[in-house]
Every structure is written in C-alpha cells, then in structure tokens.
Engineer: 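I have a structure here, written as structure tokens, and I will follow up with some questions on it.
Lettering of chains follows the sequences in order, A, B, ..., and the numbering in each one begins at 1.
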Protein chains: 2
Amino acid sequence: MTDTEDSCLVQKLSHYIELDDLSRHHLAQFELDQIDVQKHEIITRIGTETSKLYVVKSGWLYAFVDMPDGRRQLVRIFHPGDIIGFPDLAFHHATTTVQASEPACLCPFPKKRLDDVFRLSPRLTALLFALAVRDQVIFMDLVRAMGRMSARERIVSLLLDILHRLRITNVSMTDTMRLPLSQTEIGDLLGLTNVYVSKTFRRLEEDGFIKRDGGTIRILKEGEMTEMTDFSNRYQDMDISWFPSYTTRLDQAL
Amino acid sequence: MTDTEDSCLVQKLSHYIELDDLSRHHLAQFELDQIDVQKHEIITRIGTETSKLYVVKSGWLYAFVDMPDGRRQLVRIFHPGDIIGFPDLAFHHATTTVQASEPACLCPFPKKRLDDVFRLSPRLTALLFALAVRDQVIFMDLVRAMGRMSARERIVSLLLDILHRLRITNVSMTDTMRLPLSQTEIGDLLGLTNVYVSKTFRRLEEDGFIKRDGGTIRILKEGEMTEMTDFSNRYQDMDISWFPSYTTRLDQAL
DNA sequence: CGGTCCATTGATCAGATTCAAGCATTGTGG
DNA sequence: CCACAATGCTTGAATCTGATCAATGGACCG
C-alpha cells in the first residue's frame with residue numbers, strides 16, 4: 001500500500017497524534033500482507049504459539065475463552081483499525097481464541113516487526129503504550145459492568161461503548177449502527193444468557209431506548225442511557241503530554 | 001537509594017529480564033521520593049488530574065470505582081513492586097480511586113519521567129509494554145470469572161491469583177499468605193456481597209479447601225482448586241523473544 | 001424443501017441479594 | 001481501665017434477578 005491512502009489503522013491512530021512520515025512508514029510495515037477470513041473462521045486458537053499480530057482492515061471479530069462446561073466468555077470485540085494480539089505479546093501461547101463474527105480482512109505481521117518501532121520511534125511507541133493502558137481501562141469498565149450492573153445496564157453500556165468506538169473513524173455516524181453480533185455472542189460478552197439478552201433487548205425497545213431493524217440498531221435516548229450507566233467515553237481524548245517528541249535522538253544519552 | 005540494594009520494583013522486573021546498569025538507573029528514578037500512607041487513606045481520587053505514578057514499596061492497595069447507588073467495584077489490587085497509575089497514563093483525569101487497604105509506603109514520580117525510558121531504553125520500554133499487556137490478560141481472567149463463574153469459583157480463582165503473584169517475589173512462600181482485605185472488599189472485587197462472601201468462605205473451609213487464621217489464609221488443595229477454575233498462572237513466564245536488545249542503537253535508522 | 005441458526009416467549013428453578021440480628025474484635029475517650 | 005462506638009464476620013429468612021428448560025416461528029441456505 002502507498003503512504004498516500006490512509007489505512008484504517010493510520011486513520012485511527014491519527015485521531016490521537018499527528019503521525020510523521022517515519023511513523024507512517026513503520027505502520028505500513030504492519031499491513032504488508034493481507035488475508036480474507038470467513039464468518040466464524042478462527043484466526044488464533046487458545047494455547048497455540050503466538051508469533052503474529054493482525055491489523056483489522058474490515059469486519060468485526062472477537063476474542064473469547066471457553067469454560068470447562070462448554071459455555072464461553074467473550075472478552076473483546078475488534079473493529080477495523082484495531083490490532084489483534086497485543087495481550088498475547090507477553091506470553092508464548094495465545095490466551096484467547098480469536099474468531100470472525102462476519103467476513104473480514106486482516107493484515108498479519110510478526111511480533112518481531114515491533115522491534116523497529118521500539119528502537120526507532122519513541123513517540124509511536126508511547127502511543128502504542130497509551131493504547132495498551134487505555135484498553136486496560138476499557139476492561140475495567142467491563143468489569144464494573146459485569147460486577148455491579150443489571151442486565152439492562154450492561155447491554156446499554158455495551159451499545160454506548162460500540163457507538164463511541166465507531167464514531168472515532170466515522171465522524172458522520174450519528175445514532176444508528178450495524179451490530180453484527182448474535183444475541184448469544186452479546187450474552188457471552190456480558191455474562192448473560194442468550195434468552196435473557198433477548199428479553200432485555202425487547203424491553204429496551206418497548207421502553208423506547210432503542211429501535212432495531214434487521215442487523216442495525218438505533219440509539220434513541222443516548223443522554224438518558226449515558227446517565228443510567230454513568231458511561232464515560234474512553235475513545236475521545238488522550239493525554240499525550242508525556243509522549244517523547246519526534247525529534248528526540250538517542251545520542252542525548254547520559 | 002543505591003543501585004546495590006534491590007528495590008522490590010527491580011526485584012519484580014528482574015524476574016522477567018536481566019536488568020543492566022542503565023535500566024537500574026532508570027528505574028531508580030522512579031523511587032527517588034517516598035511517602036507513607038495510612039490504612040484506608042486515598043492516594044488518587046477518580047476524576048482528579050493525573051500527573052503522577054507510584055511505585056509500591058510496602059503494603060496492599062486497591063483501585064476502585066463508585067457506582068451511583070453507593071456500591072463500588074474494585075478493579076485491581078496492588079502489591080509491593082507494582083506500579084500504580086499506568087491505566088491513567090492515557091487520560092487527563094484519573095479513571096479510578098486508589099486507596100490503601102493497610103498502611104503502605106509509596107514512591108511517587110511524575111508521568112514525564114517515563115520519557116527517558118521511552119527515548120533511551122527500548123528494551124526496558126518493551127518490558128513495561130509487556131507488563132501492560134499482561135495486565136490486560138489479568139483483566140480478561142477477571143472478566144471470565146465474573147461472567148461465567150459461581151461465587152465459589154470466583155473466590156478460589158482470586159486466592160490462586162494472589163498466591164501466584166506473591167510467589168514471584170517470595171519464592172519461599174508455600175501455601176500460606178496474609179490476606180489484608182475485608183470480605184466486603186473481596187466482594188466488591190468479585191461482584192458479590194459481603195454476606196455471600198462470608199457464606200462462601202465458610203463453606204470452602206468446611207469442605208477443606210482452605211484454612212483461615214486471623215488475617216492469614218492457607219490453601220490446602222491447590223491442585224484441585226486450580227482444576228476447578230481452569231486457572232492459569234500469568235506471572236511465571238513471559239515471552240521476551242521480541243524485545244529489542246540492550247545494545248541496539250538508534251543510529252541504525254533508515 | 002428440509003436443516004440450521006437465531007430471536008422470542010412462557011414456566012419453573014436457583015444462586016445470590018437484601019434485610020435483619022447477634023457476636024467478636026478493635027480502637028478511643030473519659 | 002472501662003464503657004462505648006465502630007467495624008467486621010456470621011447466620012437465617014424472604015425475595016428477586018437472571019438461568020434453565022422447552023417450544024415456536026422466521027430467515028436463510030444448500
């Protein structure tokens with residue numbers, strides 16, 4: 001790919017800092033190859049060796065773990081522009097199974113290709129670091145939802161989370177979004193059963209919070225829903241004040 | 001502090017990679033100051049400006065968020081050698097409140113002091129990055145526990161998690177540990193009530209899984225408990241194969 | 001056209017909460 | 001040194017949210 005047309009990874013990261021040519025060059029190294037995957041195809045299987053990361057070009061995917069009794073827990077949803085595999089960087093074996101929830105296109109690249117970024121671009125490294133710790137906060141929000149919220153509140157906070165995530169790269173988006181997840185998948189993400197997800201969605205619709213139409217969903221009372229769940233948008237602003245500048249050189253060493 | 005006596009931060013990080021003198025020097029910059037805090041004293045309050053991080057020298061602390069109805073959700077426990085505040089790096093305002101669960105000693109340092117590490121030590125940066133993504137996996141484990149496990153299993157997996165964390169820096173530790181958390185705090189961490197935590201602990205003791213004595217707890221059937229919760233130790237091994245080497249120099253740039 | 005997946009709905013069940021009371025321990029001020 | 005308050009753990013009874021079980025119907029697909 002040329003540096004002139006922005007990939008969705010570049011687009012997403014540009015939301016936080018101005019990317020210089022060197023950074024764009026580094027990021028382009030992550031998107032040299034690409035593969036297509038089918039709906040429900042498994043990308044990485046838990047327990048297998050981790051050697052690669054993936055940039056999502058299109059499609060939704062998710063990571064999950066199986067429980068001994070056959071149930072499962074989704075832990076994360078991936079959208080275009082997200083990078084799959086960071087959590088596994090720290091381990092020799094994958095900690096989750098990653099599966100496509102719809103047809104998708106991915107760019108695989110080896111772990112080792114991060115080396116250049118770490119050695120040559122402290123500022124881009126800081127951005128990746130910030131994204132990693134930002135994701136920790138996203139997990140805390142999920143823990144909070146699952147630990148102390150009712151089924152209704154959990155579903156509402158999931159919808160708001162997805163809405164804000166999609167708005168980063170799609171500023172024109174208002175209140176309607178595609179939701180390519182089954183109710184079973186949503187339940188597996190929020191610690192509920194598919195049955196109760198169905199009942200809760202229906203009640204949300206009856207109460208005028210949402211409007212469903214096929215695979216899309218419309219958020220009708222965003223303000224009320226935000227207040228109901230004490231929701232914070234984690235995708236908008238980022239503190240970049242502590243990032244090293246691009247001009248920093250190593251030869252300033254002690 | 002001199003470089004000869006290892007701080008618990010250095011001790012903990014040394015578990016994963018050999019730290020060279022430069023790295024030790026960088027880490028020493030995190031422990032220049034130190035403050036004592038009392039039991040239940042609040043270190044950082046949610047919503048206030050984030051400017052500092054803290055290295056824990058002694059004592060246990062935890063991070064939590066309040067719910068509108070007065071309940072709360074703990075999201076993380078800190079032990080000696082842990083760094084407090086990474087998740088807030090990405091934000092201008094603190095996302096959690098951090099409180100001491102017992103008297104503790106902390107070393108505060110400004111965000112900006114990470115700059116040197118990012119610019120001058122790619123390998124140490126990679127280690128911090130690996131710890132950040134490792135923590136994501138810890139959060140996934142917590143999500144899994146709260147989404148798909150019974151109260152008994154959640155408590156068992158918490159006990160195993162703490163046991164393995166303490167064993168990193170205390171290799172002599174076998175099956176007995178101090179647990180300076182009230183049952184209310186444990187409930188707030190696992191999404192349970194203090195009442196049910198009490199009932200569940202009692203049953204675990206009756207069934208011979210644990211033995212309690214004042215503030216300490218003994219794990220009697222570690223193997224069985226590990227299997228019951230499908231527990232994975234996230235603290236033992238780390239994949240450092242992709243880390244840049246210490247000798248890497250920036251002047252290899254394109 | 002039959003099979004599969006998914007959403008829906010009702011009846012029943014259970015794990016965990018809520019409410020309430022009692023007891024032990026610790027800390028504090030008189 | 002004691003009285004008293006505050007905190008934490010325990011236990012029981014009633015209640016409720018969400019799970020389980022089961023059946024139905026629609027949409028899609030080979």
Engineer: Identify whether any heavy atom of A/S150 sits under 4.0 Å from a base atom; if not, whether one sits that close to sugar-phosphate; answer base, sugar-phosphate or nothing.
Structural biologist: sugar-phosphate
Engineer: Does the plane of the ring in A/H164 sit parallel, tilted or perpendicular to the ring in A/F231? Use 30° and 60° as the thresholds.
Structural biologist: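 Taking A/F231 first and then A/H164, their aromatic rings lie parallel (interplane angle under 30°).
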Engineer: So which heavy atom on A/L190 is nearest to which on A/Q73, and how close?
Structural biologist: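 Residues A/L190 and A/Q73, closest heavy atoms: N-NE2, 4.5 Å.
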Engineer: Is A/T193 touching bases, backbone alone, or none of the nucleic acid, heavy atoms closer than 4.0 Å?
Structural biologist: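 Base contact.
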Engineer: Specify the separation, in whole Å, of atom CE of A/M149 and atom P of D/dT17.
Structural biologist: 17 Å
Engineer: Closest approach to the side chain of B/K199, judged atom by atom: which nucleotide of D/dG18, D/dA13, D/dC9 is it?
Structural biologist: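 Of all the options, the side chain of B/K199 is nearest to D/dA13.
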Engineer: If you find the nucleotide of DNA chain C closest to B/R71 and the one closest to A/E206, which residue's nucleotide is nearer the 5' end?
Structural biologist: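 Whichever sits nearer the 5' end wins; that is A/E206.
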Engineer: Between D/dT10, C/dT8, D/dG18, which nucleotide has the shortest distance from any of its atoms to the side chain of B/R212?
Structural biologist: D/dT10
Engineer: If you check every side-chain atom of B/A151, which of C/dA16, D/dC9, C/dT8 has the closest atom?
Structural biologist: C/dA16
Engineer: Would you say A/Q183 places a side-chain N or O within less than 4.0 Å of OP1 or OP2 belonging to C/dC5?
Structural biologist: no
Engineer: How many Å lie between CG on A/L190 and C1' on D/dG18, as a whole number?
Structural biologist: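 In whole Å, D/dG18 C1' and A/L190 CG are 13 Å from each other.
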Engineer: Whole Å only: how far is the CD1 atom of B/I155 from the C1' atom of D/dC9?
Structural biologist: 13 Å
Engineer: How close do A/C107 and A/F30 get, heavy atom to heavy atom, and via which atoms?
Structural biologist: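 Heavy atoms only, the tightest pair is CB-O, 3.6 Å.
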Engineer: Please state whether the phosphate of D/dT11, meaning OP1 or OP2, lies under 4.0 angstrom from any side-chain nitrogen or oxygen of B/R202.
Structural biologist: yes
Engineer: Check the distance between D/dA19's C1' and A/M67's CE and give it to me in whole angstrom.
Structural biologist: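 Going from CE in A/M67 over to C1' in D/dA19 covers 15 Å.
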Engineer: Given D/dC21, C/dG15, D/dG8, identify the nucleotide with an atom nearest to the side chain of A/V195.
Structural biologist: D/dC21
Engineer: At 4.0 Å (heavy atoms only), tell me whether A/G187 reaches a base, stays on the sugar-phosphate, or touches nothing.
Structural biologist: nothing
Engineer: Ring centroid separation for A/Y235 and A/H15, is it under 6.0 angstrom?
Structural biologist: no
Engineer: Nearest-Å distance, CG (B/L192) to P (D/dT17)?
Structural biologist: 18 Å
Engineer: More 5' along DNA chain D: B/Y196 or B/K39, using each one's nearest nucleotide?
Structural biologist: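 Between the two, 5'-proximity favours B/K39.
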Engineer: Atom CD of B/E102 to atom P of C/dT26: distance rounded to whole Å?
Structural biologist: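 Taking atom P of C/dT26 as the reference, CD of B/E102 is at 16 Å.
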Engineer: Kindly give the heavy-atom pair with the smallest separation between B/I219 and B/M225, and that separation in Å.
Structural biologist: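 Nearest heavy atoms, B/I219 then B/M225: CG2-SD, 3.6 Å.
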Engineer: To the nearest Å, give me how far apart CD (A/E185) and C1' (C/dA7) are.
Structural biologist: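 After rounding, the gap between these two atoms is 13 Å.
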Engineer: Do the side-chain N or O atoms of B/S198 get closer than 4.0 angstrom to the phosphate oxygens (OP1, OP2) of D/dT10?
Structural biologist: yes
Engineer: A/N194 or A/R148: which one's nearest nucleotide on DNA chain C is closer to the 5' end?
Structural biologist: A/N194
Engineer: Could you state the CG-P distance from B/D188 to C/dT17, rounded to the nearest angstrom?
Structural biologist: 11 Å
Engineer: Quick one: label B/G215 by what it contacts on the DNA or RNA (base, sugar-phosphate, nothing), any heavy atom closer than 4.0 Å.
Structural biologist: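 Contact class for B/G215: none.
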Engineer: Going by atom types only, do A/S7 and A/K57 share a side-chain donor-acceptor pair under 3.5 Å?
Structural biologist: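 Checked: A/S7/A/K57 side chains show no N/O donor-acceptor pair below 3.5 Å.
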